[in-house]
Amino acid sequence: MKYFIIAGEASGDIHGAQLIRSLRQRDPEAEIRFFGGDMMAEACGVSPLVHYRDMAYMGFIEVAKHLGTIMGFLKTAKSTIDAMKPDALILIDYPSFNLKVAKYAYEKGVKAFYFISPKVWAWKEYRVKQIRKYITKLYSILPFETEFYARHNYVVDYVGNPTVKEIAEARAAFDDNLTFRQSIGLDPQRRIIAVVPGSRRKEIRDNLPTMLRAAKQYPDCQVVIAGAPSIDASLYARVMASAGITEQAPVVFGKSFRLVAAASVALVTSGTATLETAVLGTPQVVCYRMNGSPLVYNLYKRLLKVKYVSLPNLIADRPVIPELLLHYCNEQSVSRWLGVLLEDTPERRAMLAGYDEMSRRLGNNDCTATAAANLIETLKK
């Protein structure tokens with residue numbers, strides 16, 4: 001069969017690579033084309049038609065500035081559907097772009113599947129109508145989504161969460177703690193604060209300075225930045241320099257899971273990385289600076305339909321980890337939480353217990369294997 005897969009960001013590239021492997025196991029002769037990244041390319045054996053790093057625009061202004069480029073990518077997606085005539089279009093999150101492609105596929109009679117739902121339960125709930133119309137089947141990776149979609153008379157399957165499998169596989173390949181620290185030039189004795197500022201340039205520019213200023217208040221710890229695969233090292237240096245941070249922290253690429261696992265605490269920009277950090281079992285503070293004004297904060301509170309923004313809290317349905325958003329994400333508040341979580345405190349122990357609860361809810365199902373098997377069976381009907 002022929003599959004066209006679209007992932008528009010780093011987390012989608014990771015999950016997409018796993019899905020490609022699962023599809024190939026069941027359909028060894030599969031023809032696959034995709035928008036994605038290096039991990040999908042490795043799994044697929046061909047280069048992406050469009051790399052996600054060229055698609056990673058966020059916020060109204062960034063999107064407006066690059067509208068011509070985005071429309072060009074949309075044209076490429078449509079022409080790929082026309083030329084390839086895929087048996088299945090598989091979409092991974094990235095809704096503003098992917099739902100437009102889904103509409104085109106629907107008009108052309110191509111079945112579209114969603115692997116990893118857009119966060120319509122948080123905002124832009126109106127998109128459920130588009131999903132119901134254009135998507136043949138949606139495979140959920142968050143257990144609470146089935147109830148949400150049921151309220152909209154749309155049945156979705158919870159297939160498990162890919163992060164569970166991805167981290168289990170990564171752990172199996174981890175080197176020992178001393179070897180890891182020596183490989184990136186760290187002191188084997190001092191504690192590590194991992195800084196995970198996101199995979200998009202704007203996220204990094206907005207969050208990294210506050211994170212580093214807070215972390216640098218603990219000079220007995222080593223501060224290390226988890227570099228995003230699509231971002232050049234020079235961006236981190238420029239952001240630190242422009243923020244007046246003279247003692248620049250090292251940036252580690254390709255070892256984010258290992259770094260977070262070795263850390264005593266992580267500062268994490270809101271997104272998939274919060275779930276990865278929780279599955280790895282490292283206490284964390286969720287940061288999301290962006291525009292730090294109370295006015296914007298109150299606007300977002302009105303727009304959001306959920307009590308929490310971080311995945312561990314949403315899955316556990318309670319505040320397992322602190323969420324410092326917008327004007328609450330400042331050097332003083334981040335530093336204060338770091339001090340609490342660096343020691344063996346009741347707050348740290350409660351967070352780790354919350355991680356256990358979250359993991360039980362996620363389960364251990366092989367997410368991509370289940371989704372791939374169901375998708376192929378659906379196509380055969």
Closest approach of [X] and [Y], non-hydrogen atoms and distance?
{"X": "V120", "Y": "V128", "result": "CG2-CG2, 3.9 Å"}
{"X": "D27", "Y": "Y3", "result": "OD2-OH, 2.9 Å"}
{"X": "C329", "Y": "R289", "result": "O-NH1, 2.7 Å"}
{"X": "V334", "Y": "A214", "result": "CG1-CB, 3.5 Å"}
{"X": "D187", "Y": "R181", "result": "O-NH1, 2.8 Å"}

How far does OG of S11 sit from CD1 of I116, to the nearest 0.5 angstrom? 6.5 Å

Got a second to check how far C221's SG is from L338's CG, nearest 0.5 Å? 8.0 Å

Do other residues, nucleotides or ligands put more than 12 heavy atoms under 6.0 Å from the [atom1] atom of [X]?
{"X": "K2", "atom1": "NZ", "answer": "yes"}
{"X": "E42", "atom1": "CD", "answer": "no"}
{"X": "D157", "atom1": "CG", "answer": "yes"}

Do you see a donor-acceptor pair shorter than 3.5 Å between the side chains of S96 and R127? yes

For the pair F35 and F97, name the ring-plane relationship: parallel under 30°, tilted 30 to 60°, perpendicular over 60°. tilted

Run the ring pair (Phe, Tyr, Trp, His ring centres under 6.0 Å) test against Y104 and tell me which residues pass, sequence neighbours left out. none

Taking side chain as C-beta onward, heavy atoms only, is [X] less than 4.5 Å from [Y]?
{"X": "S140", "Y": "S117", "answer": "no"}
{"X": "K137", "Y": "V155", "answer": "no"}
{"X": "F115", "Y": "L138", "answer": "no"}
{"X": "E276", "Y": "V196", "answer": "no"}
{"X": "F148", "Y": "E125", "answer": "yes"}
{"X": "C44", "Y": "F34", "answer": "yes"}
{"X": "Q284", "Y": "V286", "answer": "yes"}
{"X": "W337", "Y": "P322", "answer": "yes"}

Please test N207 against Y288 for side chain to side chain donor-acceptor pair (under 3.5 Å), starting from the C-alpha separation and ending with a verdict. CA-CA 6 Å; N207 292 286; Y288 197 75; over 6 Å; no

Between S79 and D82, is the side chain to side chain donor-acceptor pair (under 3.5 Å) condition met? List the steps. CA-CA 5 Å; S79 63; D82 292 339; over 6 Å; no

Looking at D87 and K111, is any side-chain nitrogen of the basic one under 4.0 Å from a carboxylate oxygen of the acidic one? no

Flag the pair D206 and K202 as a salt bridge only when some basic side-chain nitrogen lies within less than 4.0 angstrom of an acidic carboxylate oxygen. yes

Can the ring centroids of W121 and Y149 be said to lie less than 6.0 angstrom from one another? no

Single-linkage hydrophobic cluster L267~V279, side-chain heavy atoms < 4.5 angstrom: no

Under a 4.5 Å side-chain heavy-atom rule over Ile, Leu, Val, Met, Phe, Trp and Tyr, are M84 and L23 clustered together? yes

Name of the residue among L91, I20, L89 meeting side-chain contact (heavy atoms from CB on, under 4.5 Å) with I5: I20

Candidates R191, R348, R349 - the one meeting salt bridge (Lys or Arg N to Asp or Glu O under 4.0 Å) with E343: R191

Considering only residues two or more places apart or on different chains, which pairs with a residue in residues 318-332 satisfy salt bridge (Lys or Arg N to Asp or Glu O under 4.0 Å)? R318-E357

Mind running salt bridge (Lys or Arg N to Asp or Glu O under 4.0 Å) on K381 and E377 for me, showing each step along the way? CA-CA 7 Å; K381 290 179 181 178; E377 188 61 33; 5.8 Å; no

Test side chain to side chain donor-acceptor pair (under 3.5 Å) applied to R26 and S22, step by step: CA-CA 7 Å; R26 288 155 184 79; S22 293; 4.6 Å; no

Verdict with supporting geometry, D317 and R361, salt bridge (Lys or Arg N to Asp or Glu O under 4.0 Å): CA-CA 10 Å; D317 195 28; R361 295 192 180 195; 5.4 Å; no

Quick one: which residue pairs count as a side chain to side chain donor-acceptor pair (under 3.5 Å) with a foot in residues 239-257, not counting sequence neighbours? S183-K255

Six-ring centre of F180, R258 cation under 6.0 angstrom, axis tolerance 45°: yes

